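Shown next, in structure tokens, is the structure this report addresses.
Below, read A as the first sequence line, B as the second, and so on, with proteins coming before strands; counting in each chain starts at 1. Values below: all heavy atoms of this structure, side chains included; hydrogens, waters and symmetry mates excluded. What you see is a predicted model, and the numbers here were worked out from it, not measured in a lab.
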4 protein chains.
Amino acid sequence: MTEQNDMLDILLNSDEKLTEKQQKILEAALEIFAKKGYSATSTSEIAKKAGVAEGTIFRHYKTKKDLLLSIIAPTMAKLIAPFVMRDINKVLNTKHEKYEDFLKAMILNRQAFLRENMSAFRILIQEIPFHPELKEQFKEHIAEKVFHRFQHLVNFYKEKGQIIELPTEVVIRFTASSVFGYLLIRHIFLPEAKWDDEKEIEMTVHMIMNGIGAQE
Amino acid sequence: MTEQNDMLDILLNSDEKLTEKQQKILEAALEIFAKKGYSATSTSEIAKKAGVAEGTIFRHYKTKKDLLLSIIAPTMAKLIAPFVMRDINKVLNTKHEKYEDFLKAMILNRQAFLRENMSAFRILIQEIPFHPELKEQFKEHIAEKVFHRFQHLVNFYKEKGQIIELPTEVVIRFTASSVFGYLLIRHIFLPEAKWDDEKEIEMTVHMIMNGIGAQE
Amino acid sequence: MTEQNDMLDILLNSDEKLTEKQQKILEAALEIFAKKGYSATSTSEIAKKAGVAEGTIFRHYKTKKDLLLSIIAPTMAKLIAPFVMRDINKVLNTKHEKYEDFLKAMILNRQAFLRENMSAFRILIQEIPFHPELKEQFKEHIAEKVFHRFQHLVNFYKEKGQIIELPTEVVIRFTASSVFGYLLIRHIFLPEAKWDDEKEIEMTVHMIMNGIGAQE
Amino acid sequence: MTEQNDMLDILLNSDEKLTEKQQKILEAALEIFAKKGYSATSTSEIAKKAGVAEGTIFRHYKTKKDLLLSIIAPTMAKLIAPFVMRDINKVLNTKHEKYEDFLKAMILNRQAFLRENMSAFRILIQEIPFHPELKEQFKEHIAEKVFHRFQHLVNFYKEKGQIIELPTEVVIRFTASSVFGYLLIRHIFLPEAKWDDEKEIEMTVHMIMNGIGAQE
DNA sequence: GATGAATGAGACTTCATTCAT
DNA sequence: GATGAATGAAGTCTCATTCAT
């Protein structure tokens, strides 16, 4: 309960109550962190791009790291929101009769999120390796929750006879790999190529289902 | 020819002709770069860990970036070596009757490499996003070569009727995602877990083959 | 016009709008550069003498060279100011009936300047040989302008029959050599000797006039 | 006596007994010191240009400063040689009936020297201001000797009635200024211009003689 | 709340010099 | 005699952060 409320807090509070300057700072940091990495970015550079004085940054964020967290924390939360908040966003719930349909819905939903949060997402995956606290936080609060939810889901579809008898974690890993593989290539490595998203997702889900689906 | 010789040069020259101190420097840099990232690592820290004077680093590597490249360049080369040097390493060649067998051989081969070059590999994937020249170099010299080789391979097995009629790049993406997904989780995210590699690879290849294999 | 305004800008802006610390830095740099030369002077030494943190220097002057230029540029400008700004400073204009009078006025005027800007002048002549851009700037923007003005002046007095028929540039070189010779020995080589400036200038001008003056 | 022998030593020893490497080092240092100044020149740069190892420099010259002195000391000596060694080089002796002839001979003689020792001469005048010992050495051992010799000369011609009644030091300063003025412009400031040396010297001497010569 | 001058620690790098080979 | 790897002090410059205005 409390945790979910924490999450809600983060989700609802972020992007609100922000001074215009604060907004500018966040935007500038977002852009530069994503491009050059946290360590290689100087606060003076952020200040310049944000059009504020150097001191102003530290009025709103006690330290440079604080600024990083102000970007990463809400992004983490939003990234996994659909998997955690069961009553709010029903898009990904077990309403779907088929694992296939669930996958499609999930990919579309998260792809939409990615599209609007590319920079923040980049920062998230680029910085996590360098900040043990972030890594820990990610594992404990994020990865495991999503993983558990997925376990339930996969088991659910297994019982329905839609997924073959492989260890659940293997199924999850395979599914996740295929999905992330597509999303990363699509949005990070070759974002400027022309993509027929619908068809690509279709094929991806198709291969996944072939890979782990039970013969009907 | 020349390109292959370049590659050979890099592969054979590296790790040789190195002063003892130089070796120490490389090892120290390798370790710290991997853990904290290039930008967050100071040359004084490297010097201390290597047990040399800070000036000594710059006798061997003109700049800090030079030191980074001295680690990354050979790693890139070795990483893709089996895909590029057709006559030397036959492990991955089309001698394999089945795509399945090829996949297994490749995974085992590259997994062995990863095991011995984890730190360098981490640095490679962690730093590429922050260094446009590296990114470019990676795309042009590395990714495309490997990709082309894979195209030939996949087409070869397609003609043999072992792979279903999906766009070649989709097949490659799917295969690569599944394989990298396994390797990353296995070696980067959860390296300390106990893994039955043989079985995991077995299952991974199995799922891939289900996903894209033609029904016999 | 524009050029004259540039010059005016430099002349009027310099020494104004300066922080107290900035002023201190300039003074310290001035003194040490003059004594030890630009290259042999360290920024830490300047900081210490100026009583500021070393970082403060670089807040005001992007580089050490910048600091040098902040000293040299205005000095160059002021040095030749009377020769360039015809309407402002009439001291050296052709109001003088005789070349002799013009010379005396000029020497006195520039000697006063030198007295108050010895260090900067030293730096100017000591550093120009080592900085090609300065040399170029000096030649193009300074030397030529002054030279042209002198050509007009000498021609003017030639037409008046006060100067014998030698090539104008030879007359200028001779005059300049004699004047600079006096000023350098007086202020640079033997500044601590006792000088009767009025008499020395009298004799110098006398010799110059004998050297190039027409017999009346 | 001893002093003259010292001088002789320097003159005769220099350029002899030099290893090939040593010669190379001297040449390299000469060139770079002249261009960039002593302080801004690194020993490694000299080593590179000389084609020797860094250590080799310090085998021959205990310190970098030693290397500088090895260039400057003989140059100083040679520069004033004709004024000091009365019996060896008679070119500039009082054999000349007229001050005018003496001047011409002297200018030609020293101009020849300058032409062959430009770099060393540049270093001499560029570095003296920054090295108090050099300045002292120059004043005591060089300037004064030459000055005294000149005093005798000027007095000699004064007595002959060839020079007007001005203080001897004024005459010397005026003569020296005119001569150096010519030589500096000719060889340092505008060396690439086309010069009719004979005519220029003619005019220069002419002006000097007008300036200080007695009417016959 | 916002500014930007000031800071001092520490970043990368260069340097003159030494010394084992 | 020559080398060049090694050094550590010192060089220039950047940085995150503070604080008086």
Looking at the side chain of [X], which of [options] is the nearest nucleotide?
X	options	result
Arg59(B)	dA16(E), dC13(F), dA2(F)	dA16(E)
Thr63(B)	dA20(E), dT7(F), dT13(E)	dT13(E)
Ala53(C)	dA5(F), dT17(F), dT7(E)	dT7(E)
Val52(D)	dA6(E), dT12(F), dT3(F)	dT3(F)
Thr56(A)	dT18(F), dT18(E), dT3(E)	dT3(E)
Lys64(B)	dA6(F), dT7(E), dC12(E)	dC12(E)

Notebook entry, point to check: Should the ring pair Phe130(D) and Phe130(C) be called parallel, tilted or perpendicular, given that the plane angle runs from 0 to 90° and is split at 30 and 60?
Noted result: tilted
Check: Watson-Crick or G-U wobble partner for dC15(F), using a 3.5 Å limit on both distances?
Finding: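 Its partner is dG8(E).
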Checklist line | Counter-base of dT21(E), judged by Watson-Crick or G-U geometry with both distances under 3.5 Å | finding: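 Pairing partner, where one exists within any strand: dA2(F).
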Starting at [atom1] of [X] and ending at [atom2] of [N], how long is that distance when rounded to a whole Å?
X	N	atom1	atom2	answer
Lys48(D)	dT14(E)	NZ	C1'	12 Å
Phe58(A)	dA6(E)	CZ	P	18 Å
Lys62(A)	dT17(F)	NZ	P	11 Å
Ile46(C)	dT7(E)	CD1	P	15 Å
Ile25(B)	dT7(F)	CD1	P	8 Å
Ile57(D)	dA5(F)	CD1	P	15 Å
Ile32(C)	dT12(F)	CD1	P	11 Å
Lys21(B)	dT21(E)	NZ	P	13 Å

Note to self: When you measure from the side chain of Tyr38(C) to the backbone of Lys65(C), do you find a donor-acceptor pair of N or O atoms at a distance under 3.5 Å?
What the structure shows: yes
Would you indicate, yes or no, if [N] has its OP1 or OP2 atom less than 4.0 angstrom from a side-chain nitrogen or oxygen of [X]?
X	N	value
His60(A)	dG1(E)	no
Thr43(A)	dC15(F)	no
Ser44(A)	dA16(F)	no

Check: So, Glu116(C) and Lys78(C), do they make that salt bridge, N to O below 4.0 Å?
Finding: no
Note to self: Salt bridge check, Glu45(D) against Lys35(D): does any charged N sit closer than 4.0 Å to a carboxylate O?
What the structure shows: no
Notebook entry, point to check: Looking only at side chains, do Glu54(B) and Thr43(B) share a donor and an acceptor under 3.5 Å apart?
Noted result: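 Per modelled atom types, Glu54(B) and Thr43(B) side chains form a pair under 3.5 Å.
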Note to self: With nearest nucleotide decided by heavy atoms, which residue, Gly55(A) or Gly55(D), maps closer to the 5′ end of DNA chain E?
What the structure shows: Gly55(A)
Note to self: To the nearest 0.5 Å, what is the distance between NZ on Lys36(A) and OG on Ser42(A)?
What the structure shows: 6.5 Å
Notebook entry, point to check: So which one's nearest nucleotide on DNA chain F is more toward 5', Glu54(C) or Gly51(D)?
Noted result: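 Residue closer to the 5' terminus by nearest nucleotide: Gly51(D).
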Notebook entry, point to check: If you pin Lys65(C) and Glu20(B) to their nearest nucleotides in DNA chain F, which one's is more 5'?
Noted result: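 Looking at the nearest nucleotide for each, Glu20(B) comes out on the 5' side.
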Notebook entry, point to check: With a 4.0 Å cut-off on heavy atoms, is Ser39(C) in touch with a base, just the backbone sugar-phosphate, or nothing at all?
Noted result: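 Since no nucleic acid heavy atom lies under 4.0 Å of Ser39(C), the category is nothing.
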